[in-house]
Each structure stands twice: as structure tokens, then as C-alpha cells.
Q: 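I have a structure here, written as C-alpha cells, and I will follow up with some questions on it.
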Number of protein chains: 2
Amino acid sequence: MQVTPELLSAFPSLKPLPPATLARLAQESEVRKFARRGVVMTAGVREEFVCFLFEGRLQGVDFTIDGREVGLYFVEPGDFCGELGMFDHGPQPEFVIALTAAVTVFVPMESLRLVTMENPVLLKLLGQRLAARVRQLTRQRSLLGLPNISQRVCCQLWLLVSDDARQHLQSSVINNPPTHMEIAIMLNLSRETVSRVFQILQTRNIVRRDGTSLLHVSDSAALKRLADGSEEL
Amino acid sequence: MQVTPELLSAFPSLKPLPPATLARLAQESEVRKFARRGVVMTAGVREEFVCFLFEGRLQGVDFTIDGREVGLYFVEPGDFCGELGMFDHGPQPEFVIALTAAVTVFVPMESLRLVTMENPVLLKLLGQRLAARVRQLTRQRSLLGLPNISQRVCCQLWLLVSDDARQHLQSSVINNPPTHMEIAIMLNLSRETVSRVFQILQTRNIVRRDGTSLLHVSDSAALKRLADGSEEL
DNA sequence: TTAGCTGAGTGACTACAATCACATAGTAGC
DNA sequence: GCTACTATGTGATTGTAGTCACTCAGCTAA
């Protein structure tokens, strides 16, 4: 399918580029659609594209030697993934799969590399982005160190709450919340354990489910206390 | 203490820089020595230096909310740490502590930033380095997903084995191996558990301790099998 | 409507790693 | 040498999360 420069400029990281550059990139890029559970990027393969997510939700996942799934991060619309090879020409370290049906734009890595040479702004953005990834991985790692399981779940939930709700301890809504299974693989837990924690949170009126695509966080303050360990579940 | 350009050029990442640049950097840098357990970098602080390790061994560590220590990575001589702020001016995400007495060179981040503008080679190196860090964090994360504890320990041990010993399944030696405690915090285990796994490995003649600073891996093939799960302990 | 699928809730049981509480061995400093 | 400290080894006990085996709810596609 045809990619227009306008489509590309919908992505915050590409927006600063000059129109001519966007036009060139657009010509070389392609739209790819994925069904739920589709494999967007394959681990160990030198993917020659950076994947920009237009619609849907992706997840970076890895597998342990014994086949267990490990959740790494989520990709939200406007964001991108598969950019690691931009820096070291190495293979994609993890799988990226579609959690929902997704629309993406694949931009060839080599073209993007040329663009960064002329546009330091993009290079800088990519660097910041990679740094953010390291910070996220580090935070997630220290989350896994928590010996208390419900605290781990609450911390993860807390990270999904919007920034301003976190700041002002307001009640808020999480759109398209991850399934229990998805949370479980992020936190090294079994699905059942996550389910049991959610049960407690719900009976305590801290969170409330609303259909499959909404999760209300009614009592942000309590969730925060559980997340930072000042209160036990 | 005075830093000479020669000292700086001992670091692989700085070696490619022109002598004049090295001389300038050397003037602005300083040697800092740390005792065992000394804090090299503090989490949450905007450290204005990149730390190059000359002698000794450092470890990046974080702490969970409840105060538990979490091991993230090791820094070996010739390598550096604290470079994340180069990309996004953000604070240092984790602590770095000295595992042994250590000699380091602190290079001001701002000077290094200026140098990268004139020397794309350094910029590229930094990017590769950050990418390597992401890969390492990802690998470590999937290690934590292993449900079998001895496999986890063996995997970690396997990562400490030198590359060519890994390739050819030769017996090899790990210099200054991490203590059981250091391994434990990297793998989310208790010290005792690590100790018990080592006991089994030793009675099976797979590894052998030689004083405090050497660990012989006598049976690399067995270690590999244990690491990849084709054999159980 | 029905079938089929995925996600979620729940009880019973169990394995296993953490914890505690020591003992012992190295090493470093004086 | 002696002392102090850190690293390591080991048993007993216990808590707790994983696993298994279900049921149930909600969605969607024939």
C-alpha cells in the first residue's frame, strides 16, 4: 500500500524532518497490517526495517531457553520499534508481536540511516529513544526484584496509569489494558497469580473492570501505596 | 591526580581520537580511586562525568522499593559507565559500586559531548555501546524468566566464560569471579541457593575453585548442557 | 443458535526456594 | 600471631507461588 509523506509526519519522531526527506522516505516505505498475534519482528534476524506503529498495540517479547514467554515492553501508536540495528547493524534481539490487529509503516533502515547523517535532529531523537529504552529496561528489572508479588503487580499497574493521574492521585482509566496473561509474562508470574491479585484489588474497590477494553482505577492513592510498599495487600 | 593523554588512549573507545583532542580531554579529566564497596555513581543524580575504568571491577546495581539489592551488569577494565546522560541529559538510572578497589578516570560529560560533535567515530561507538547495553539487559531479562534455578545460575556462569572457551568447549578460567552474593542479586536468588548450586557443580567436577580469585571451569561441555537445559542438575 | 475460542476466576495440592541460624573457612590488618 | 571481617557451606523449617483441573463469561463467526 502507498505511504504518503503526511502519514509519516504523523509520527512525532519523523515530524521534524524536511518535507523533501519525508517524501523520499515515504516512497521507500510500506504499510504492513498485522492480525492479532501476528509476528511483527523476529528475534535473531537482521530486520532491515524500522517499524512505526500507526494503530494497535505491540509487545516486545522474548523466550527463555525452555520456551517460556517473557514480556519486555509495549509499543503504543505513534511510537516505533526495531531500531536497535540502526546503531550496531546487529540482529533484532527480541520478537515483537501484535497484541491487537495493527497497522504499521515499515521504513527501510538503510534509508533512515542516510537521513540521520543529514539530520542530526533525528540522530539525537534516536539516541534519546534508546536511552529511554535502557531506563525502561532497568526499571522493569528492579521491579522483578520485588519479593512481594502483589506489590509487583501493583507497580506494573501503576506504570500503566496516565502521568497526570499519577501526579494528582485522581481516579483514571486504562484503555485496552493488558490481559492477565500479558501482565504475567512481564512480571515472571503465572496467569493465575495475577488473576488472584486482581480479585483482591477489585473486591477492595481499588480497580474495576468495564468490559474488555477498559480498566478503571478508582482509588489511585491506594494503588500507589500498594505499589510503593507502604501498604500490604 | 594528573591524567595524561596516554592514559586516555589506553581506552579502546578513546583511542581513535586525534592526539590534540585527547590532550584537551586529559586536562579536564581526573583520576578517582575507590575502595571496595565505594559508590562510583549515584542513582537519580545527574552525574556530569563519564567514568572510565582503568583497574578493578565495578557493578551496576539498583535497589527495589523495599531496599533489596538488584545486580544489573559488571564493568571490566577498559570499559566505561555512566554514559546514559550523554544521550538524554537525564539522571543516572542506577548505582555503580566498586566490587574491588578500583582506579577510574572521570571525563566531563559536556567535554565529551563536544568531542562527539567533531568526531562521528566516537558518536558511533557510543551508539553501539548503548545498543550493546540494551542487548545485555534483554538477555539478562530473559535469563530471569527461567523457572529452573540451577539453569539460571549455569547460564550466568556460562556468560562469564571467555568467548573462545565457549566456542570450543575448552576448559577455562574465570578471573576474579563474582561472589555468590553478587551472582545472587543478579539472578534474583538468595545467596544460599547460589551456594548450593555451586556445591553440586563442584562435586560433579564441572567447576573448581582455586583461591578467591580464580574459578576453573573444568567441564565446559557439561556447563553448556546445564545452561541450555539439555541436562538437569 | 450453536460451536469454538480466548480470557478470567478458583480450589487443592505440592514443590521448592527463602529464611533463619548456625558453623567454617579464608583474608586482611595490626 | 591474633582479631575482625567477609565469604561460604549446610540443615531445618515454612511460606508461597506454580501447577493442575476445572468452571464460567464474553466474543465472533458459521
Side-chain angles (χ1 to χ4, degrees), chain A residues 35-38 57 59 64 66-71 97-101 144-154 157 176-204 207-215 232-233, chain B residues 35-38 57 59 64 66-71 97-101 144-153 157 174 176-204 207-215 232-233:
Chain A
R36 184 173 156 66
R37 300 243 162 254
R57 188 200 193 90
Q59 185 177 30
T64 61
D66 65 337
R68 187 169 297 242
E69 205 177 359
V70 170
I97 56 165
L99 292 179
T100 65
L144 288 178
L146 284 172
N148 184 321
I149 256 61
S150 21
Q151 193 178 357
R152 218 142 93 195
V153 176
C154 291
L157 219 45
N176 291 107
T179 65
H180 291 181
M181 191 60 200
E182 282 154 18
I183 294 177
I185 64 164
M186 297 263 315
L187 300 180
N188 260 193
L189 298 171
S190 71
R191 199 217 83 228
E192 292 91 328
T193 301
V194 175
S195 193
R196 287 188 241 264
V197 173
F198 266 82
Q199 267 331 89
I200 305 178
L201 290 176
Q202 274 161 0
T203 57
R204 287 226 206 165
V207 305
R208 181 166 50 82
R209 293 215 16 215
D210 184 356
T212 185
S213 62
L214 287 175
L215 183 73
E232 286 255 336
L233 206 58
Chain B
R36 186 174 154 65
R37 299 240 163 257
R57 188 200 194 88
Q59 185 177 31
T64 60
D66 66 337
R68 186 169 297 242
E69 206 177 355
V70 171
I97 57 166
L99 292 180
T100 67
L144 288 177
L146 285 173
N148 183 323
I149 256 60
S150 22
Q151 194 179 357
R152 219 142 93 196
V153 176
L157 219 44
I174 299 173
N176 291 108
T179 66
H180 293 179
M181 190 61 200
E182 282 154 18
I183 295 177
I185 64 164
M186 297 262 317
L187 300 179
N188 261 195
L189 298 172
S190 71
R191 198 216 87 228
E192 292 90 329
T193 301
V194 175
S195 192
R196 287 186 240 263
V197 173
F198 265 83
Q199 266 333 88
I200 305 178
L201 289 177
Q202 275 160 358
T203 58
R204 288 227 205 162
V207 305
R208 180 166 50 82
R209 290 213 22 212
D210 184 357
T212 184
S213 61
L214 287 175
L215 184 74
E232 286 254 336
L233 204 58

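We name chains A, B, ... by the order of the sequence lines, and we start the count at 1 in each one.
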Q: Let me spell it out: for each of B:S213 and A:R37, pick the nucleotide of DNA chain C with the closest heavy atom. Which residue's pick is nearer the 5' end?
A: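 Nearest-nucleotide comparison on DNA chain C picks A:R37.
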Q: Determine yes or no for a side-chain-to-main-chain donor-acceptor pair under 3.5 angstrom, with B:R68 supplying the side chain and A:P147 the backbone.
A: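 Checked: no pair found.
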Q: Would B:L201 and B:S150 count as a side-chain contact (heavy atoms from CB on, under 4.5 Å) if you check the C-alpha gap in whole Å, the side-chain angles of each, and the deciding distance to 0.1 Å?
A: CA-CA 10 Å; B:L201 289 177; B:S150 22; over 6 Å; no
Q: Within the modelled atom types, does a donor on one side and an acceptor on the other bring the side chain of A:R191 and the base of D:dG18 under 3.5 Å apart?
A: no
Q: By the 4.0 Å heavy-atom rule, please label A:T179 as base, sugar-phosphate, or nothing.
A: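 Contact class for A:T179: sugar-phosphate only.
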Q: Pick base, sugar-phosphate or nothing for A:S195, based on heavy-atom distances below 4.0 Å to the nucleic acid.
A: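 Since a base atom lies under 4.0 Å of A:S195, the category is base.
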Q: Rounded off to whole Å, could you give me the CD-to-P distance for the B:Q202 and D:dA7 pair?
A: 17 Å
Q: For B:T193, answer base if it contacts any base atom (sugar-phosphate contacts may also be present), sugar-phosphate if it contacts only those atoms, and nothing otherwise; contact means non-hydrogen atoms under 4.0 Å.
A: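 It contacts sugar-phosphate atoms only.
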Q: Check if the side chain of A:R196 and the base of D:dT19 share a donor-acceptor pair of N or O atoms closer than 3.5 Å.
A: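 Donor-acceptor pair under 3.5 Å: yes.
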Q: Whole angstrom is fine here: how far is it from CG in B:N148 over to C1' in D:dT19?
A: 16 Å
Q: With nearest nucleotides of DNA chain C determined for B:V194 and A:F198 from heavy-atom distances, which residue corresponds to the more 5′ nucleotide?
A: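 Nearest-nucleotide comparison on DNA chain C picks A:F198.
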Q: In whole angstrom, what separates B:E192's CD from D:dG9's P?
A: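 The distance from CD of B:E192 to P of D:dG9 comes to 12 Å, rounded to the nearest Å.
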Q: For chain B and DNA chain C, what are the first and last nucleotides along the strand, 5' to 3', with at least one atom under 4.0 angstrom from a heavy atom of the protein chain?
A: C:dA17 to C:dT27
